[in-house]
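Note sheet for the following structure.
Values in this document were obtained by computation on a predicted structure and should not be read as measured data.
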Amino acid sequence: MSRGIDYSAWDHIYVSDDEDITSPFVDTSSLFRMRHRSRLENMAAFQQRGEDLHSNFAECQRLLEETQERLRYLEEEMKEGDADEEKETELKKVQSEVERLKKDEKSFQLLMEEHERDGKKLPWNVDTISKEGFSKSVLNISSSRKHGTLEEKVEKHKTFVEKYAEEIKHFGMLRRWDDSQKYLSDHPHLVCEETANYLVVICIDYEIDEKHALMEQIAHQAIVMQFILDLARTLRVDPRGCFREFFSKIKTADKPYQDAFNHELDLLRERICKCAQLRMDGAMKELEEEEKKNRLGPGGLDPVEVYESLPREMQRSFDEKNIQMLQEAMNRMDPEEGRYHMRRCIDSGLWVPEARESEDEEEEDD
């Protein structure tokens, strides 16, 4: 026999706008509006508390990761024997900070779980029975998803950038929140780690070219993408399903959340400048090594290094291209020292003797 339909799910539906209050001394419509407004304010406050908990939890996780990284760095230095009283004090301080942040993280998790339970207990009303259907789309992430090898990730990143480079650059140039949200709505495939990474690469290229304003603009969009990805990790959903939530929050963000965004943006700009400087230093070093390799003499010596090692009088003779001065300088030297310097000059290409001089020198050596 059929058990029928279980209607218990609707036992707690509460529709306050339909309350049956009638009195000659009470304006029923005004009372309904007042109660409706009060209920909306309470719902907004409850939702804001949930958003604040998620934001604080994400910030706590970020600080914990940075502090743990600092702790690992200090521990490695201690293992290598580079330890002193100051570093030991700092190590203890960082360890206590890690413990505190872990406790804070656990507290936020408990508060978020409690807030979620309270949300399920709230009665339904005319404002929560129906909602707009396309303000948010959530895609589940399989917990058993394989991350793949490093080579696969590099190949995936390369393929993605080759396919969507122009779209990523276009997103990087957007300045208004609404424009960024609209563009990601039209191009949801851009909401991923590859986009954030490529935006940082573009920033470094602009910084090397001394296009600082463009670098700062692209860096802003890179942090936008990174915040979306962090929010997705916190909520454990696909980032394509929560980027609207980020824009909704950032457009009405309180001061702590906005400060956290600006702080991350400043840190990224600093890292970009350092990376750009390292790349330029590396390029200059490679160029110097290539120039040095090209100017090596027949004996494999660098003429610049040989010139700098010569006595002052020999340097002057090469500067003035005065053979007589060179001969006089050689005569004033010890014969062994003179032969040493002259052999280095020949091997570096500073001095190119004629064929007869070379034959005479070889006979003397024999």
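The line from CD1 of I223 to CZ of R269 is 9.0 Å long, rounded to the nearest 0.5 Å. The CE atom of M342 lies 4.0 Å from the CE atom of M330; values are rounded to the nearest 0.5 Å. One finds the OG1 atom of T252 at 7.0 Å from the CD atom of Q48 (value rounded to the nearest 0.5 Å). To the nearest 0.5 Å, atom CD of residue E99 and atom CG of residue L71 are 9.5 Å apart. Here the straight-line distance linking atom NZ of K102 with atom OG1 of T67 works out to 11.0 Å at 0.5 Å rounding. D230 contributes atom CG, which lies 11.0 Å from atom CG of L235 (distance to the nearest 0.5 angstrom).
Between Q258 and D254, the side chains place no donor N or O within less than 3.5 Å of an acceptor N or O (distance only, hydrogens not considered). In the model, D319 has no side-chain atom that pairs as donor or acceptor with a side-chain atom of Q315 under 3.5 Å. Using modelled atom types, one finds no donor on one side chain facing an acceptor on the other under 3.5 Å when comparing H157 with E193.
For the pair E75 and Q95, the minimum side-chain heavy-atom distance is below 4.5 Å. For the pair C192 and F160, the minimum side-chain heavy-atom distance is below 4.5 Å. Using a 4.5 Å cut-off on side-chain heavy atoms (C-beta onward), H189 and E167 make contact. Annotation: side chain of R176 is not in contact with side chain of Q181 (no heavy-atom distance under 4.5 Å). Proximity of F247 to F227: side-chain heavy atoms (C-beta onward) are nowhere separated by under 4.5 Å. For the pair K169/I218, no side-chain contact is recorded, criterion being any heavy-atom separation below 4.5 Å from C-beta on. Here the side chains of E69 and R72 are in contact, with some heavy-atom distance below 4.5 Å. Two residues are said to be in side-chain contact when any heavy atoms from C-beta on lie closer than 4.5 Å; C345 and L310 meet this criterion.
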Stepwise salt bridge (Lys or Arg N to Asp or Glu O under 4.0 Å) check, R100 with D104: CA-CA 6 Å; R100 185 186 68 80; D104 291 346; 2.8 Å; yes

Evaluation steps, side-chain contact (heavy atoms from CB on, under 4.5 Å), between D281 and K285: CA-CA 6 Å; D281 292 343; K285 186 176 181 180; over 6 Å; no

Audit row: L184, I228, side-chain contact (heavy atoms from CB on, under 4.5 Å) steps and yes/no: CA-CA 11 Å; L184 292 181; I228 294 173; 4.0 Å; yes

Step-by-step ring pair (Phe, Tyr, Trp, His ring centres under 6.0 Å) determination, F171 to H187: CA-CA 10 Å; F171 172 75; H187 305 81; 9.7 Å; no

From CA spacing to verdict: side-chain contact (heavy atoms from CB on, under 4.5 Å), H263, D266: CA-CA 5 Å; H263 177 67; D266 292 338; 5.6 Å; no

Verdict with supporting geometry, Q226 and E264, side-chain contact (heavy atoms from CB on, under 4.5 Å): CA-CA 10 Å; Q226 194 58 54; E264 288 297 324; over 6 Å; no

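Of all heavy-atom pairs spanning L64 and V98, the tightest one is CD1-O, 3.9 Å. The two residues L174 and D179 have their closest heavy-atom pair at CD1-O, 3.7 Å. Smallest separation of non-hydrogen atoms from C203 and M215: O-CG, 3.4 Å. Looking at every heavy atom in both residues, M325 comes nearest to E313 through SD-O, 4.3 Å. Taking all atoms of both residues into account, the shortest heavy-atom contact from S309 to H341 is O-CE1, 3.9 Å. Nearest heavy-atom pair across P239 and V191 is O-CG1, 3.5 Å.
Hydrophobic cluster membership differs between M284 and L278, with clusters built from Ile, Leu, Val, Met, Phe, Trp and Tyr side chains linked at under 4.5 angstrom. When the side chains of ILVMFWY residues are joined at heavy-atom separations under 4.5 Å, either directly or via intervening members, L199 and W177 end up in a single hydrophobic cluster. Residues I272 and L267 do not share a hydrophobic cluster, clusters being chains of Ile/Leu/Val/Met/Phe/Trp/Tyr side chains in contact below 4.5 Å. By the criterion of side-chain heavy atoms lying less than 4.5 angstrom apart, applied directly or through intervening Ile, Leu, Val, Met, Phe, Trp or Tyr residues, V306 is not grouped with Y340; the two fall into different hydrophobic clusters.
Separation of the F46 and H115 ring centroids falls under the 6.0 Å cut-off. The six-membered or imidazole ring of H220 lies near that of F261, with a centre-to-centre distance under 6.0 Å. You'll find the ring centres of Y183 and H170 inside the 6.0 Å limit.
Counting non-hydrogen atoms of other residues, nucleotides and ligands closer than 6.0 Å to CZ of R332 gives a total above 12. The environment of E162 atom CD is dense: over 12 non-hydrogen atoms of other residues, nucleotides or ligands sit within 6.0 angstrom. Atom CD of E116 sits in a sparse spot, with 12 or fewer heavy atoms from other residues, nucleotides or ligands closer than 6.0 Å. Within a 6.0 Å sphere centred on CZ of R316, other residues, nucleotides and ligands contribute 12 heavy atoms or fewer.
Under a 3.5 Å cut-off, the side chain of S55 and the backbone N or O of E51 do not form any donor-acceptor pair. Remark: side-chain polar atoms of D209 are not paired, donor with acceptor, to backbone N or O of K211 under 3.5 angstrom. The closest donor-acceptor contact from the side chain of S248 to the backbone of E245 lies at 3.5 Å or more, if one exists at all. Between the side chain of Q217 and the main chain of G172, a donor-acceptor pair closer than 3.5 Å is present.
Using a 4.0 Å cut-off between charged side-chain N and carboxylate O, D118 and R49 make no salt bridge. Ion pairing between R62 and E59 holds under the 4.0 Å rule for side-chain N and carboxylate O. Of the charged side-chain nitrogens involved, at least one lies within less than 4.0 Å of a carboxylate oxygen, so that K251 and D178 count as a salt-bridged pair. Look at E97 and R70 and you find no salt bridge, because none of the NZ, NE, NH1 or NH2 atoms lies under 4.0 Å from a carboxylate O. Ion pairing of K182 with D186 is present here, as a side-chain N (NZ or NE/NH1/NH2) and a carboxylate O approach within less than 4.0 Å. A salt bridge is absent between R117 and E114: the closest approach of a Lys/Arg side-chain nitrogen to an acidic carboxylate oxygen does not fall below 4.0 angstrom.
Applying the under-4.5 Å side-chain rule to Ile, Leu, Val, Met, Phe, Trp and Tyr, the cluster around L110 consists of that residue alone. Counting Ile, Leu, Val, Met, Phe, Trp and Tyr side chains that sit under 4.5 Å apart, directly or through other members, L111 shares a hydrophobic cluster with L53, F57, F108, M112.
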